[in-house]
2 protein chains.
Amino acid sequence: MHMKTGVEQSVYAVLLLNMLPDKAVLPGEAISQQLKASPTYFQKLLRKLVSAGVIASVPGVKGGFKLNKRAEDITVYDIYLAIEGRQSLYSSSGILGDLLELEKEESCCLLTDLMEEAEVAWKSVMKRETISSLAEKMNEQRFLLKTEALQQWVQRKMVA
Amino acid sequence: MHMKTGVEQSVYAVLLLNMLPDKAVLPGEAISQQLKASPTYFQKLLRKLVSAGVIASVPGVKGGFKLNKRAEDITVYDIYLAIEGRQSLYSSSGILGDLLELEKEESCCLLTDLMEEAEVAWKSVMKRETISSLAEKMNEQRFLLKTEALQQWVQRKMVA
DNA sequence: ATAACGAGGATAAGGAATGTCCGCGTTTAA
DNA sequence: TTAAACGCGGACATTCCTTATCCTCGTTAT
């Protein structure tokens, strides 16, 4: 049981897109190069983010990706949800129904409610942090110089 | 990202062991039959529960498994931990270190603290429910007859 | 028209979870 | 003392999800 690495990659990708000036876009290949991710697979992750409405895409020459919301309105959970989907961490396999020989309709699980609650607690923490709050952390003193270098890279690679 | 089915199976296995009288044990094969789980693989799960100190095993003829703690002292989290291990749900792949070209020693991740906290919240819910509280739920009115039948099955299959 | 980009399907490759097999040590019972 | 029933534990095979690659298509700027 482990979170996909695509979630972490996506968060940093969105942080890169957050460095773009208005109207500018960043090609998918540039992003995947910077993240040292496999280009073709990473495009799939980007499209999941598009489907989820987190980022937007522009086709054609000089196309690419950009944010589709304000950075304050994108939570880590939004990105998690885009990549991992709605499937819950736990789902009963109906063992209790077998044990107690219940009819299928009244199949039941002693753990479902508890696990549901646990998952809500987990997700609620992820909803607290936003792209904008993460960007602030990246601008802390100790990272400042490196972050500025990254921003310059974005300036070079962006189009339009 | 999904919880192993072994966790659910193990919870119900421990609930079965909870129906044993003192000093009695239940053979692993009987348990796996009742849970409709693959016998050899399920033995591996039982051994994980033994290693974790949740249950105890008795070798030899008339051997089997029994609880190693009081039902009130076994939480769902204990069983989760025994099966899934200590590996956390999220672990950074060090992308930020690459992005900012940090030295390896100062490698850093904007998400680790948040995810850690989320996981703590998640686990804390699992720590609330115990085998004894689950057993109570199984004795609710609507399950009472079926649960009694299950207890009789345990009486038949147990040894010593 | 062509080249650069995203969209999306089909399909491998890898790795973790699950499942199987076999030999071992221990204990009970004949 | 032998044999059978059980747990122990390692070495596999299988299955499934994630990751990765490839190829074709539609769109847009030059």
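Sequence lines set the chain letters: A, B, ... in the order given, protein chains first and strands last, and positions in each chain run from 1.
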* Asked: Could you give the start and end, 5' to 3', of the contact zone on DNA chain C for chain B, using atoms under 4.0 Å from its heavy atoms?
  ->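 Extent of the interface on DNA chain C: dA17(C) to dA29(C).
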* When you measure from every atom of DNA chain D, which of residues 10-32 of chain A have a heavy atom less than 4.0 Å away? -> none
* **Residues that Ser93(A) engages under side chain to side chain donor-acceptor pair (under 3.5 Å), provided they are two or more places apart** => Glu8(B)
* Sequence neighbours excluded, which residues qualify as side chain to side chain donor-acceptor pair (under 3.5 Å) partners of Asp78(A)? -> Thr75(A)
* To do: Please list all pairs passing the salt bridge (Lys or Arg N to Asp or Glu O under 4.0 Å) test where one or both residues lie in residues 122-144 of chain B, with sequence neighbours left out.
  =>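 Every pair satisfying salt bridge (Lys or Arg N to Asp or Glu O under 4.0 Å) with a residue in residues 122-144 of chain B: Glu117(A)-Arg128(B), Glu119(B)-Lys123(B), Glu129(B)-Lys137(B).
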* Asked: Could you state the interatomic distance from OH (Tyr90(A)) to CG (Asp113(A)), rounded to the nearest 0.5 Å?
  ->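 Answer for the OH-CG pair, Tyr90(A) versus Asp113(A), is 10.5 Å.
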* To do: Drop me the distance from Lys48(A)'s NZ to Glu84(A)'s CD, to the nearest 0.5 angstrom.
  => 8.0 Å
* To do: May I ask you to check whether over 12 heavy atoms, not counting those of Lys157(B), lie within 6.0 Å of atom NZ?
  => no
* Determine yes or no for a side-chain-to-main-chain donor-acceptor pair under 3.5 angstrom, with Thr147(B) supplying the side chain and Met138(B) the backbone. =>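 Such a contact is found between Thr147(B) side chain and Met138(B) backbone.
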* Does the side chain of His2(A) reach to within under 4.5 Å of the side chain of Leu89(B), using non-hydrogen atoms? -> no
* To do: Tell me who clusters with Val61(A), hydrophobic residues only, linked when side chains sit under 4.5 Å apart either directly or through other members.
  =>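 Members besides Val61(A): none; it forms no cluster.
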* Apart from Leu144(A) itself, what residues make up its hydrophobic cluster when side-chain heavy atoms of I, L, V, M, F, W and Y under 4.5 Å apart count as a link, directly or indirectly? ->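 Answer for Leu144(A): none, a lone residue.
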* Contacts to DNA chain C from residues 56-63 of chain B, heavy-atom cutoff under 4.0 Å, which residues? -> Pro59(B), Gly60(B), Val61(B), Lys62(B)
* Polar pair under 3.5 Å, donor/acceptor by atom type, side chain Arg47(B), base dG9(D) ->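 Counting by modelled atom types and ignoring angles, a donor-acceptor contact under 3.5 Å is found here.
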* **Residue list, side chain to side chain contact (heavy atoms under 4.5 Å, CB included) with Val25(A), at least two apart or on another chain** =>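 Val58(A), Lys66(A), Val159(A).
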* Listed partners of Ala52(B) passing side chain to side chain contact (heavy atoms under 4.5 Å, CB included), at least two apart ->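 With sequence neighbours excluded, Ala52(B) shows a side chain to side chain contact (heavy atoms under 4.5 Å, CB included) to Val54(B), Ala82(B), given in chain and number order.
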* Asked: Could you run down nucleotides 12-24 of chain D 5' to 3' and tag each one B, S or - for protein heavy-atom contact under 4.0 Å?
  -> ------SBBB---
* Can you see which heavy atom on Asn18(A) is nearest to which on Ala71(A), and at what distance? =>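 Closest approach of Asn18(A) to Ala71(A): OD1-CB, 3.4 Å.
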* If you look at every heavy atom in Leu102(B) and Cys108(B), which pair is closest and at what distance? ->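 What the structure gives for the nearest pair is CD1-CB, 4.4 Å.
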* Asked: Once the angle between the rings of Trp122(B) and Trp122(A) is folded into 0 to 90°, is it parallel (under 30°), tilted (30 to 60°) or perpendicular (over 60°)?
  -> tilted
* Asked: For the pair made of CD in Gln43(A) and C1' in dT27(D), what is the distance, rounded to whole Å?
  ->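 For the pair Gln43(A) CD and dT27(D) C1', the rounded distance is 15 Å.
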* Asked: the helix from dA1(C)-dT30(D) to dA30(C)-dT1(D): angle between its terminal axes, five pairs each, to 10°?
  -> 0°
